[in-house]
Amino acid sequence: MANIFSSLKNAYNLFKHVDFDKLEALSKKVDLPKMVETISSLDDKQIQGMMKMMGGSGKKRELPPIEGDFYHLGDEALNDEDRELQLKVRAFLEKEVKPIVNHYWNKAEFPFEIIPKLAELNICGLTYKGYGCPGKSNLMEGILAMEMARIDTSISTFFGVQSGLAMGSIYLCGSEEQKQQWLPLMQQFKIIGAFGLTEPEVGSAAAGGLTTTCKKIDGKWILNGQKKWIGNATFADILIIWARDEESGEVKGFIVKKDNPGFAVEKMQDKMALRIVQNGIITLTNCEVEEADRLQNANSFKDTAKVLQMTRAGVAWQAVGCARGAYENALDYTRTRKQFGKPIASFQLIQNHLVEMLSNLTAMQTLCFRLSQLQDQGLLKDEHASLAKVFCSLRTRDVVSKAREVMGGNGILLEYNVARFVADAEAIYSYEGTKEINTLIVGRAITGFSAFV
């Protein structure tokens, strides 16, 4: 009698959980008794596998965190103070920049409202000593460049022009008076700077082919020529202009103010990359510059090259950030996007793409960490920075391409936060020295032969 009641109780509990409408619908599609017989013949391991495939384990899957620093390089390399600063900058970018960046990128406009907030972070001129600058390591600067580019490469570029190229020119090539005059104000973003080297017909050949000229007349310098692709140019207060001395043939640097007589700038339109960066074409027509505004320690292109060597490492870090942003957004997408009833991250081909992306990203990070260590040790050479620029810009192209691929058609929509990285990777590939020029710098170092024209 007890066995009968037990059986009835089990049957009652079973029927409570059966949806008879679904059971009836299922019976019209399959031989239900045969299916029950087949399932009953499975052993425990086979049933567990079937339930796992059906997602019937009853447990909510806990996914690992999305983390582009797979080898935890940042955790190992930074002290507590610098790690706190990194996370502070990351939080600022996530809160203040990420929500607005697609809007400004699409309109090709700059979000000026973030400049005072950037100033509060106290990270401009990060590696310089004195003049209100923090005096931190080149490694820390590289990591912050990555953090910015991880959210948007345009914002990272704006910051790199201000903190690296413009301030760096004054820091490395200016007199003490010029440093005291400009660097504290630029560090606080009260003065915005730009860097004018590239010309409409002169990019890679800047070392010996600048067509912008300077000539000293009656104690003043007269500049004539054009500059192109100059970031921040449309709203900068001062611009570092490099020009060839008509008398000596040597390259000199000048601090040109936006209201200098003979200075004009026009915004470049219709870019497909770095659309937030306000690039300008500068025209100098008998532009007058006082001797006091000539960079007193810039007397040849070798001095210009010191600035470029310093900032080229930052561009390699930007490439890492661009790749990391694309990878992390793509990974997040694949874990939520479902096809055939499952997240696409569970498919073998998608995982293969993700692992290839992460492999490239991790190799780039490791190379850049070592590059910044060399810089902090005073051992950085041109070929070190050039190798990093070549490798990282190439691998970034691969990463963003696969990020776009795993997202299918959605990969070309701004709202999914990968299309910007795909476009911006093309700019990183070209600026601060093309692949070809940087390759020849490394080639010269390892062979002993110069293949430059």
Side-chain angles (χ1 to χ4, degrees), residues 125 128 130-131 161-162 164-186 190-266 279-311 432:
Y128 310 142
Y131 315 104
V161 170
Q162 171 77 2
L165 290 169
M167 288 183 69
S169 296
I170 298 173
Y171 185 77
L172 294 177
C173 302
S175 66
E176 184 59 32
E177 291 76 13
Q178 290 169 331
K179 295 176 188 180
Q180 294 288 353
Q181 180 181 2
W182 298 111
L183 292 180
L185 295 173
M186 296 178 77
K190 293 180 179 179
I191 294 290
I192 302 298
F195 180 88
L197 178 62
T198 303
E199 299 178 352
E201 302 299 328
V202 180
S204 298
L210 285 185
T211 62
T212 298
T213 61
C214 59
K215 185 175 182 179
K216 195 171 186 179
I217 300 176
D218 297 330
K220 293 184 179 181
W221 291 89
I222 306 300
L223 277 58
N224 283 284
Q226 281 192 317
K227 299 293 181 179
K228 189 176 182 181
W229 296 108
I230 311 307
N232 303 355
T234 61
F235 59 91
D237 301 294
I238 62 171
L239 304 96
I240 308 300
I241 299 294
W242 301 93
R244 180 175 53 82
D245 190 338
E246 289 186 20
E247 293 186 3
S248 68
E250 295 287 1
V251 172
K252 298 185 183 299
F254 299 88
I255 302 171
V256 178
K257 304 178 183 71
K258 63 182 180 181
D259 56 357
N260 274 34
F263 172 85
V265 61
E266 173 188 0
N279 293 96
I281 298 176
I282 294 171
T283 301
L284 303 159
T285 307
N286 293 324
C287 180
E288 298 181 6
V289 181
E290 300 290 339
E291 166 62 20
D293 289 329
R294 179 180 66 82
L295 291 176
Q296 299 298 305
N297 296 312
N299 299 308
S300 72
F301 190 79
K302 289 182 179 180
D303 298 313
T304 317
K306 293 176 185 177
V307 182
L308 297 176
Q309 183 198 78
M310 176 183 67
T311 58
E432 284 275 0

Side-chain donor-acceptor contacts of residues 246-254 below 3.5 Å, not counting sequence neighbours, with atom names and distances?
unit_1: E246; atom_1: OE2; unit_2: T213; atom_2: OG1; d: 3.3
unit_1: S248; atom_1: OG; unit_2: D245; atom_2: OD2; d: 3.4
unit_1: S248; atom_1: OG; unit_2: E250; atom_2: N; d: 3.2

Identify every side-chain donor-acceptor pair in residues 229-241 under 3.5 Å, counting partners at least two apart or on other chains, and give the distances.
unit_1: N232; atom_1: ND2; unit_2: G193; atom_2: O; d: 3.2
unit_1: D237; atom_1: OD1; unit_2: K258; atom_2: NZ; d: 3.4
unit_1: D237; atom_1: OD2; unit_2: I192; atom_2: N; d: 2.8

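Without hydrogens or angle criteria, Y131 side chain to W182 main chain gives no donor-acceptor distance under 3.5 Å. Under a 3.5 Å cut-off, the side chain of Q162 and the backbone N or O of I191 do form a donor-acceptor pair.
Closest non-hydrogen pair, L210 versus W242, comes out as CD1-O, 3.8 Å. The two residues G262 and C287 have their closest heavy-atom pair at O-CB, 3.7 Å.
For N286, the side chain to side chain donor-acceptor pair (under 3.5 Å) criterion is met by N224, not counting sequence neighbours. In this structure, the salt bridge (Lys or Arg N to Asp or Glu O under 4.0 Å) partners of K216, at least two apart in sequence or on a different chain, are E291. For F263, there are no ring pair (Phe, Tyr, Trp, His ring centres under 6.0 Å) partners, not counting sequence neighbours.
Taking OG of S169 as the reference point, atom CE of M310 lies at 7.0 Å (rounded to 0.5 Å). The distance from the CE atom of M186 to the OH atom of Y171 is 14.0 Å, given to the nearest 0.5 Å. In this structure, I255 CD1 and L295 CG are separated by 5.0 Å, a value rounded to the nearest 0.5 Å.
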In sequence, state the C-alpha distance, the side-chain angles, and the governing distance for D293 and K257, and then conclude on side chain to side chain contact (heavy atoms under 4.5 Å, CB included).
-> CA-CA 9 Å; D293 289 329; K257 304 178 183 71; 2.5 Å; yes
Check step by step if side chain to side chain contact (heavy atoms under 4.5 Å, CB included) holds for L172 and D303.
-> CA-CA 8 Å; L172 294 177; D303 298 313; over 6 Å; no
Checking side chain to side chain contact (heavy atoms under 4.5 Å, CB included) for the pair V307/F195: CA distance, chi angles, key distance, verdict?
-> CA-CA 10 Å; V307 182; F195 180 88; 4.2 Å; yes
Intermediate values then yes/no, salt bridge (Lys or Arg N to Asp or Glu O under 4.0 Å), E199 and K227 = CA-CA 4 Å; E199 299 178 352; K227 299 293 181 179; 3.1 Å; yes
Starting from the C-alpha separation in whole Å, work towards a yes-or-no answer on side chain to side chain contact (heavy atoms under 4.5 Å, CB included) for E201 and T211.
-> CA-CA 8 Å; E201 302 299 328; T211 62; 5.9 Å; no
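Using a 4.5 Å heavy-atom threshold, the side chains of I282 and Q226 count as separate. Side-chain contact between F301 and L308 is present, with at least one heavy-atom pair separated by less than 4.5 Å. In this structure the side chain of T283 never reaches within 4.5 angstrom of the side chain of E266, judged on heavy atoms.
Under the salt bridge (Lys or Arg N to Asp or Glu O under 4.0 Å) criterion, no residue pair touches residues 169-180, with sequence neighbours excluded.
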